[in-house]
Amino acid sequence: MIDDQRRQQVAELLAHAEQTRKPIEPLVIGFPGIDVVDAYEIQLLGIRRRVAGGARVVGHKVGLSSKVMQDMMNVDEPDYGHLLDDMMLTEADPIRTSAYCAPRVEFEVAFILGEDLPGEGCTENDVVRATRAIVPSIELIDSRIRDWQIKIEDTIADNASSAGVVLGTKRIDPSTVDLTNIDVQVHVTGAGATAPRRFLADGRSDAVLGNPATSVAWLANKVSAFGVALRAGDVVLPGSLTRAIDVHPGETFTAVFGRGLGQVTATFS
């Protein structure tokens, strides 16, 4: 564990890295002894700074929701970060890659809450009842840590590598579909009118803790310990159905989801 002064120092270093797009060395190297408790406190320092500057919290994201990623990070549960209103991107507007350090995309079944979720004891059934709609989404992740050389402490402190999210237009009642069996196929088209469309990846929603609603319920339970609740109107990203994919200028990513969920695109300039 590190002291409050060094926590503040880390938060300032991460904020500067994000503003200048100059990533820093892994925190576990520069701040020996940093642990997960420190990392969540550092994340909150960063979020409070952004909110004080005029940003608004509009939801949360869950990371490390697959067994493969947890094994890679040597952890036995997911992590989480905050979504802010200035992270909400659109299909219509190209996203500037130069605004980020090392952007990647992930493809998720997002939840838009219609009611507040209970905290401790929240279940998958609670999540389904409280969710207004599930939505196809592309999450933009970025690391303010150099070359994505991250440990669990790095990514948590760095707001779970959050950067942005694009929501598709389709809205589906989660009670009408099998949330464990929503597939996705991802394609990319390069720059130029004649650039071919290439298949990149596919996946299925049970890659997310077996059921993305399980991930949302985990989050509601987890944040309740800090006096935080998931509220009506919040957007929740439960985790990616596929591997993360690097982004380059001129690319357009299209994710087509099954079960009637439709598609979502993100274009990068």
Side-chain angles (χ1 to χ4, degrees), residues 40 43-44 47 50-51 55-66 69 77-89 105-141 155-156 159-177 179-180 182 184 203 205-242 244 255 257 259 261-262 264:
Y40 276 120
Q43 181 185 133
L44 285 173
I47 295 303
R50 302 258 309 252
V51 169
R56 181 170 56 89
V57 176
V58 296
H60 288 80
K61 59 84 57 89
V62 178
L64 307 181
S65 56
S66 73
M69 289 302 297
E77 69 173 16
D79 69 349
Y80 70 87
H82 294 70
L83 299 177
L84 303 175
D85 58 345
D86 57 7
M87 294 180 184
M88 302 306 290
L89 308 169
V105 283
E106 296 184 334
F107 309 92
E108 312 195 18
V109 177
F111 287 64
I112 300 178
L113 299 182
E115 302 174 11
D116 295 355
L117 279 178
E120 185 177 358
C122 182
T123 68
E124 291 86 352
N125 287 336
D126 292 326
V127 171
V128 172
R129 281 195 299 268
T131 298
R132 183 166 75 236
I134 54 172
V135 187
S137 72
I138 297 177
E139 184 186 4
L140 178 63
I141 58 174
T155 186
I156 291 174
N159 194 28
S161 305
S162 301
V165 58
V166 180
L167 299 179
T169 58
K170 199 67 178 285
R171 303 289 187 270
I172 296 288
D173 181 342
S175 68
T176 64
V177 298
L179 291 174
T180 70
I182 300 172
V184 66
S205 55
D206 59 358
V208 182
L209 297 184
N211 181 342
T214 304
S215 180
V216 179
W218 173 88
L219 177 63
N221 279 276
K222 186 73 173 180
V223 299
S224 70
F226 301 97
V228 176
L230 302 185
R231 301 294 189 187
D234 281 356
V235 176
V236 182
L237 301 179
S240 184
L241 279 59
T242 74
F257 291 79
R259 301 292 174 181
L261 199 56
V264 57

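- In this structure the side chain of Leu237 never reaches within 4.5 angstrom of the side chain of Val62, judged on heavy atoms.
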Original post:
So Leu84 and Val57, side chain to side chain contact (heavy atoms under 4.5 Å, CB included) or not? Walk me through it.
Top reply: CA-CA 4 Å; Leu84 303 175; Val57 176; 3.6 Å; yes
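- No side-chain N or O of Thr123 forms a donor-acceptor pair with one of Asn125 less than 3.5 Å apart.
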Which pairs would a plain distance check flag for residues 210-218, meaning a side-chain donor or acceptor within less than 3.5 Å of a matching protein atom at least two apart in sequence or in another chain?
residue: Asn211; atom: OD1; partner: Ala213; partner atom: N; Å: 2.9
residue: Thr214; atom: OG1; partner: Glu124; partner atom: OE2; Å: 2.9
residue: Thr214; atom: OG1; partner: Asn211; partner atom: O; Å: 3.4
residue: Ser215; atom: OG; partner: Pro238; partner atom: O; Å: 2.7

Original post:
Val58 and Val235: side chain to side chain contact (heavy atoms under 4.5 Å, CB included), yes or no, with the steps?
Top reply: CA-CA 6 Å; Val58 296; Val235 176; 5.5 Å; no
**OP:** Begin with the C-alpha distance, continue with both residues' side-chain angles, and end with the deciding distance and a verdict on salt bridge (charged side-chain N to carboxylate O under 4.0 Å, His left out) for Lys61 and Glu108.
**Re:** CA-CA 10 Å; Lys61 59 84 57 89; Glu108 312 195 18; 5.7 Å; no
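- For the pair Pro78 and Leu209, the tightest heavy-atom approach, listed with the atom from each and the gap, is CG-CD1, 4.0 Å.
- Glu139 contributes atom CD, which lies 10.5 Å from atom CZ of Phe107 (distance to the nearest 0.5 angstrom).
- Across all their heavy atoms, Gly114 and Ala232 have their closest contact at O-CB, 3.5 Å.
- Using a 4.5 Å heavy-atom threshold, the side chains of Leu179 and Arg259 count as separate.
- Among residues two or more places apart in sequence or in another chain, the salt bridge (charged side-chain N to carboxylate O under 4.0 Å, His left out) test is passed with Glu115 by none.
- Looking only at distances, no side-chain donor or acceptor of Asp234 sits under 3.5 Å from a matching main-chain atom of Leu113.
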**OP:** Check the pair Leu140, Met87 against side chain to side chain contact (heavy atoms under 4.5 Å, CB included), reporting the backbone distance first and the verdict last.
**Re:** CA-CA 9 Å; Leu140 178 63; Met87 294 180 184; over 6 Å; no
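- The nearest pair of heavy atoms linking Leu117 to Cys122 is CD2-SG, 4.1 Å.
- For the pair Asn159 (side chain) and His82 (backbone), a donor-acceptor distance under 3.5 Å is present.
- Side-chain contact between Ile182 and Ile134: present, with at least one pair of heavy atoms (C-beta onward) separated by less than 4.5 Å.
- A heavy-atom distance below 4.5 Å is found between the side chains of Lys222 and Glu77.
- Across all non-hydrogen atoms, the minimal contact from Lys170 to Val135 is O-CG1, 3.7 Å.
- Val208 approaches Ser240 most closely through the heavy-atom pair CG2-O, 3.6 Å.
- Between Tyr40 and Tyr80, the ring-plane angle classifies as parallel under the 30° and 60° cut-offs.
- Once rounded to the nearest 0.5 Å, the distance linking CG of Asp116 with CG of Asp126 reads 12.0 Å.
- Taking every heavy atom of both residues into account, Asp86 and Ala55 meet most closely at OD2-CB, 4.1 Å.
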**OP:** Could you please spell out the steps behind the side chain to side chain contact (heavy atoms under 4.5 Å, CB included) verdict for Ser137 and Val264?
**Re:** CA-CA 6 Å; Ser137 72; Val264 57; 5.5 Å; no
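- Between the CG atom in Asp79 and the CG atom in Leu64 there is a gap of 4.0 Å [rounded to 0.5 Å].
- For the pair Thr242/Glu106, no side-chain contact is recorded, criterion being any heavy-atom separation below 4.5 Å from C-beta on.
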